Amino acid sequence: AYQKDPPDGPCEGDQCAELCPACEEYCASLSRNATFFMSPLHPRSKREVGERLADAAAAEVYLEGGASTGPTISGCAVRPDGVLTIQFNRTLLRGDALEVADYRGPTGHGRSMMEVLMMRPAEDAPFCLQRKKPRSGGDDGGTVMCASDGTTDRGPFEIPADSPGAHPRWIEVEIARRSDFELDVALNLAGAVPPLAIRYGWDGPCCDLSDGDPGEECPTKSCPLIGSKSRLPANPFLAAVTAEGGCECFSPQECGNFDAEAGSKESATSFPAPPAAAIIESSSLPSAL
């Protein structure tokens, strides 16, 4: 049962034998009854958050070296073989290297967390970062209103009902490590060429919580991309893919710096075997599309 108040009195000498077990039971009761407050913005894993803040302070304030953040996208390029290569900021890596967990293996959580937004071939589909909900009881007239495309130079605009942007479809795709700072995304295996946008760690949990208790979280570092030395997870991102095959992130994030000369010259990458194709709709995350 939930205990409202912790035991009173200090835990000193012989008193420890009686008070400490009661303290432990009190803390355990808090854990059992803990739920999200203000959504997952306040995770229950406080120790992990504190350790990351301490590591960041050591690197940035006390200049002890090492990475203060996980892999962060810096650019991407679509190759002729239907594979999209993502590069991560080598300056921020500070000697760290990209690691891809075996998400399809027996200890993995089954999700690459990398998704692409489909675009019909030979169409200039508009990209919409934030769709506008229709007014209650109103008639949308066969169009969808987009509140923002993620830039500051374009206001609200209409998306025709028969446009790909009106009914976005996110498809999860396979990923594989290409080099210490590069990742390959198998667009060709999902028939997702060319994509309109790409995102990572953006929608849904990194593990299966279908059998979990209400408010239960995924274990920390459940998503597959992580720094091999720092053990810091890669930062989530959402980027539009340009007609030229590059990436455009949304301010303040920048990801238009793909360095073809520094990248690996390997032509083939081995991807995990994909499961049955599944289309992921975008209804669960209002801030996406």
Side-chain angles (χ1 to χ4, degrees), residues 52 55-56 59-60 63 65-101 103 112-117 119 127 129 149-153 170 172-188 192-203 206 221 223-269 271 287-288:
R52 293 182 189 180
D55 289 341
E60 300 294 336
L63 305 179
S68 61
T69 185
T72 303
I73 186 174
S74 62
C76 75
V78 178
R79 303 206 310 257
D81 59 357
V83 172
L84 182 143
T85 297
I86 297 174
Q87 290 184 344
F88 294 89
N89 191 308
R90 286 174 289 167
T91 301
L92 295 178
L93 283 173
R94 294 180 180 173
D96 203 354
L98 176 69
E99 179 179 316
V100 181
Y103 58 91
S112 71
M113 298 303 295
M114 190 73 69
E115 298 170 331
V116 292
L117 180 60
M119 178 176 67
F127 180 81
L129 182 67
D149 64 355
T151 68
T152 58
D153 57 358
W170 288 95
E172 188 160 339
V173 290
E174 304 302 317
I175 57 177
R177 183 182 183 275
R178 183 174 180 84
S179 71
D180 284 351
F181 68 99
E182 292 178 300
L183 180 81
D184 277 350
V185 180
L187 303 178
N188 50 358
V193 180
L196 182 58
I198 186 168
R199 67 186 185 185
Y200 171 76
W202 200 264
D203 186 18
C206 296
K221 306 172 187 175
C223 293
L225 300 185
I226 196 168
S228 63
K229 299 176 183 178
S230 67
R231 311 312 297 170
L232 292 172
N235 291 308
F237 62 83
L238 187 154
V241 179
T242 67
E244 294 75 25
C247 280
E248 287 185 355
C249 287
F250 305 98
S251 180
Q253 193 169 33
E254 297 180 357
C255 60
N257 302 311
F258 186 85
D259 189 346
E261 295 299 321
S264 171
K265 302 303 185 289
E266 297 292 332
S267 59
T269 301
F271 292 98
S287 61

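Just so we're clear, the structure is a prediction, and the values are computed from it rather than from any experiment.
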Answer whether the closest heavy-atom distance between the side chains of [X] and [Y] falls below 4.5 Å.
X: I175; Y: V100; result: yes
X: P224; Y: Y200; result: yes
X: I73; Y: C255; result: yes
X: S230; Y: D55; result: no

From [X] [atom1] over to [Y] [atom2], what is the distance, rounded to the nearest 0.5 angstrom?
X: Y103; Y: M114; atom1: OH; atom2: CE; answer: 9.0 Å
X: L196; Y: W170; atom1: CG; atom2: CH2; answer: 7.5 Å
X: F181; Y: T72; atom1: CZ; atom2: OG1; answer: 14.5 Å
X: L183; Y: C76; atom1: CG; atom2: SG; answer: 11.0 Å
X: C249; Y: L238; atom1: SG; atom2: CG; answer: 8.0 Å
X: S74; Y: Q253; atom1: OG; atom2: CD; answer: 10.0 Å

Using the rule given for side-chain contact (heavy atoms from CB on, under 4.5 Å), can you reason through E115 versus I198, listing the C-alpha separation, both sets of side-chain angles and the distance that settles it, and then say yes or no?
CA-CA 6 Å; E115 298 170 331; I198 186 168; over 6 Å; no

Which heavy-atom pair separates [X] from [Y] by the least distance, and what is that distance?
X: A59; Y: S68; result: CB-CB, 4.0 Å
X: P195; Y: V116; result: CB-CB, 4.0 Å
X: Q87; Y: G263; result: NE2-CA, 3.9 Å
X: T85; Y: E182; result: CG2-OE2, 3.9 Å
X: A67; Y: L232; result: O-CD1, 4.0 Å

Worked check of side-chain contact (heavy atoms from CB on, under 4.5 Å) between F271 and V185:
CA-CA 9 Å; F271 292 98; V185 180; 5.8 Å; no

Would you call [X] and [Y] a salt bridge, using N to O less than 4.0 angstrom?
X: R90; Y: D180; result: no
X: R177; Y: D184; result: no
X: K229; Y: E99; result: no
X: R94; Y: E60; result: yes

Please lay out, stage by stage, how L98 and S228 fare under the test side-chain contact (heavy atoms from CB on, under 4.5 Å).
CA-CA 6 Å; L98 176 69; S228 63; over 6 Å; no

Between F88 and L225, is the side-chain contact (heavy atoms from CB on, under 4.5 Å) condition met? List the steps.
CA-CA 11 Å; F88 294 89; L225 300 185; 4.1 Å; yes

Flag for T69-N235: side-chain donor and acceptor within less than 3.5 Å:
yes

For S264, is there any backbone N or O sitting under 3.5 Å from a side-chain donor or acceptor partner on R178?
yes

Under 3.5 Å donor-acceptor, E172 side chain and S112 backbone:
yes

